[in-house]
Amino acid sequence: MRTQVGIVGAGPAGLTLAHLLHLRGIESVILEARSREYVEQRVRAGVLEQGTVDLLVGTGLGERLRREGIVHSGIELRFGGEGHRIPMSDLTGGRAITIYGQQEVVKDLIGARLAYDGPLLFDTADVALHDLETERPRITYVHDGRPDELECDVIAGCDGFHGVCRDSIPPGVLELHEREYPFGWLGILATVAPSTDELIYAYHERGFALHSLRSPKLSRLYLQVDPDEPIDDWPDERVWGELHLRFERDGWTLREGPIIEKGITPMRSFVAEPMQHGRLYLAGDAAHIVPPTGAKGLNVAVHDVKVLAEALEEWYRSGSTELLESYSATCLRRVWRVQDFSNYMTTLLHRLEADGFEDRLQRARLAYVCSSEAAARSLAENYVGLENV
Ligand code: FAD
Ligand code: DHB
């Protein structure tokens, strides 16, 4: 098989890239290791920045997003038993976030891809990249039990943090930057009406907690936990008990309901530089990950592929490699802005160590962001997504 752009991975990055390329008349083939059911059911992020929503709506994917997405113009920061609203839209000239599950975005993208018969191969095994430093890079893989090969002009490595693309780059080329956090997030999905209209980010001496949602009947909640704790140590009663303690506030109650999904995710910051080698371009989690406190992972992945689609369009149209050559530098400007914001939100809101000094600093920072319009605006403009970085 031959195509213009070989895409490894059908997550938000790979699927959005294929969609943007199709709109520009550029062919691609997507190879995905998992089944369609698996990628459509995987529960992950839920917050779309204004720019992500604008891109999806502007490229014809807004139908269900507009109907089912829930627009939020503020968030609550809760600490010391009190809530403080950050009015994000007022502080950013009307920009907002939209709550719409990552798997809903993925379903919409897969639906769009299949509607025009765009090649998308699920359950693909043994994906391997070859000849990246030539003008004819290749991907070998096994599909339906048969070995096959895809010859491409370029390859887009959109296969997430644990994929194979980044590791196909020869040793010594990439500079890797990494920070592990000494905690993880236990996330649950519960069939109960959210106890809040807007997201609540809570700082508590027992640890961070986050109340989010997916729909008027579905709540999504997170707890800071030890990253190595087995999930079996967290029966439902313990999860709810801990959530009640960390969200405690006079006159407010947390509604409980059946937990239908539960998992623990470690927290890590990671960046591989540059995001390109030869004819391979990395995008999304394959190149960088952030701790989820700033809700940025999915959004920055979409930004990467927007930059890549524009660069490929320019190259196919005029032969100019200028935008492709600056792909990595352009993306990394936003990647590092997002790394800084995610680190800021993480260290603002998590219990870092059993140290009174650190705790007082965090409380002082929280009080400042809740009382200074300048500090609140800085948080807000990063949270809804900066237009230009
Ligand atoms: P992915 O979504 O990881 O997609 C990569 C795709 O490549 C996958 O479908 C995978 O199956 C496929 N793949 C992997 N290896 C191969 C291979 N060898 N061959 C072919 N295909 C392959 N962000 C938030 O903002 N908030 C959250 O609450 C949040 N929770 C998260 C929870 C978890 C468990 C994880 C892992 C991430 C979470 N994130 C969260 C981050 C966010 O979901 C990611 O940033 C986003 O999914 C990035 O999209 P992507 O397309 O780059 O990568
Ligand atoms: C959600 C995830 C986040 O990482 C976040 O900061 C806010 C909300 C969510 O899954 O809804």
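Numbers here are sequence positions counted from 1.
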From [atom1] ([X]) to [atom2] ([Y]), nearest 0.5 Å:
{"X": "K107", "Y": "L61", "atom1": "NZ", "atom2": "CG", "value": "14.5 Å"}
{"X": "L109", "Y": "H19", "atom1": "CG", "atom2": "NE2", "value": "6.5 Å"}
{"X": "F247", "Y": "L221", "atom1": "CZ", "atom2": "CG", "value": "5.5 Å"}

Any donor-acceptor pair under 3.5 Å linking the side chain of [X] with the backbone of [Y]?
{"X": "D126", "Y": "V142", "value": "no"}
{"X": "D159", "Y": "C165", "value": "yes"}
{"X": "R334", "Y": "V300", "value": "no"}

Taken in chain and number order and not counting sequence neighbours, the residues that satisfy side-chain hydrogen bond (donor to acceptor under 3.5 Å, both in side chains) with Q102 are none

Would you say the side-chain atoms of [X] and [Y] include a donor-acceptor pair closer than 3.5 Å?
{"X": "Y344", "Y": "N382", "result": "no"}
{"X": "Q339", "Y": "N343", "result": "no"}
{"X": "W234", "Y": "E229", "result": "yes"}
{"X": "R113", "Y": "S28", "result": "yes"}
{"X": "D197", "Y": "H72", "result": "no"}

Answer yes or no: is there an ion pair linking [X] with [Y], defined by an N-O contact shorter than 4.0 Å?
{"X": "R249", "Y": "E82", "result": "no"}
{"X": "R78", "Y": "E248", "result": "no"}
{"X": "R377", "Y": "D90", "result": "no"}

Would you check if [X] and [Y] make a side-chain contact, meaning some heavy-atom pair closer than 4.5 Å?
{"X": "I86", "Y": "Y201", "result": "no"}
{"X": "L213", "Y": "R220", "result": "no"}
{"X": "Y327", "Y": "L282", "result": "no"}

Looking at I200, L223, L210, which hits side chain to side chain contact (heavy atoms under 4.5 Å, CB included) with R246?
L223

Pick out which of R138, R279, R136 makes a salt bridge (charged side-chain N to carboxylate O under 4.0 Å, His left out) with D131.
R138

Over 60° means perpendicular and under 30° means parallel, so classify the ring planes of F208 and W185, tilted if in between.
parallel

Aromatic plane relationship, F270 with F161 - under 30° parallel, 30 to 60° tilted, over 60° perpendicular
perpendicular

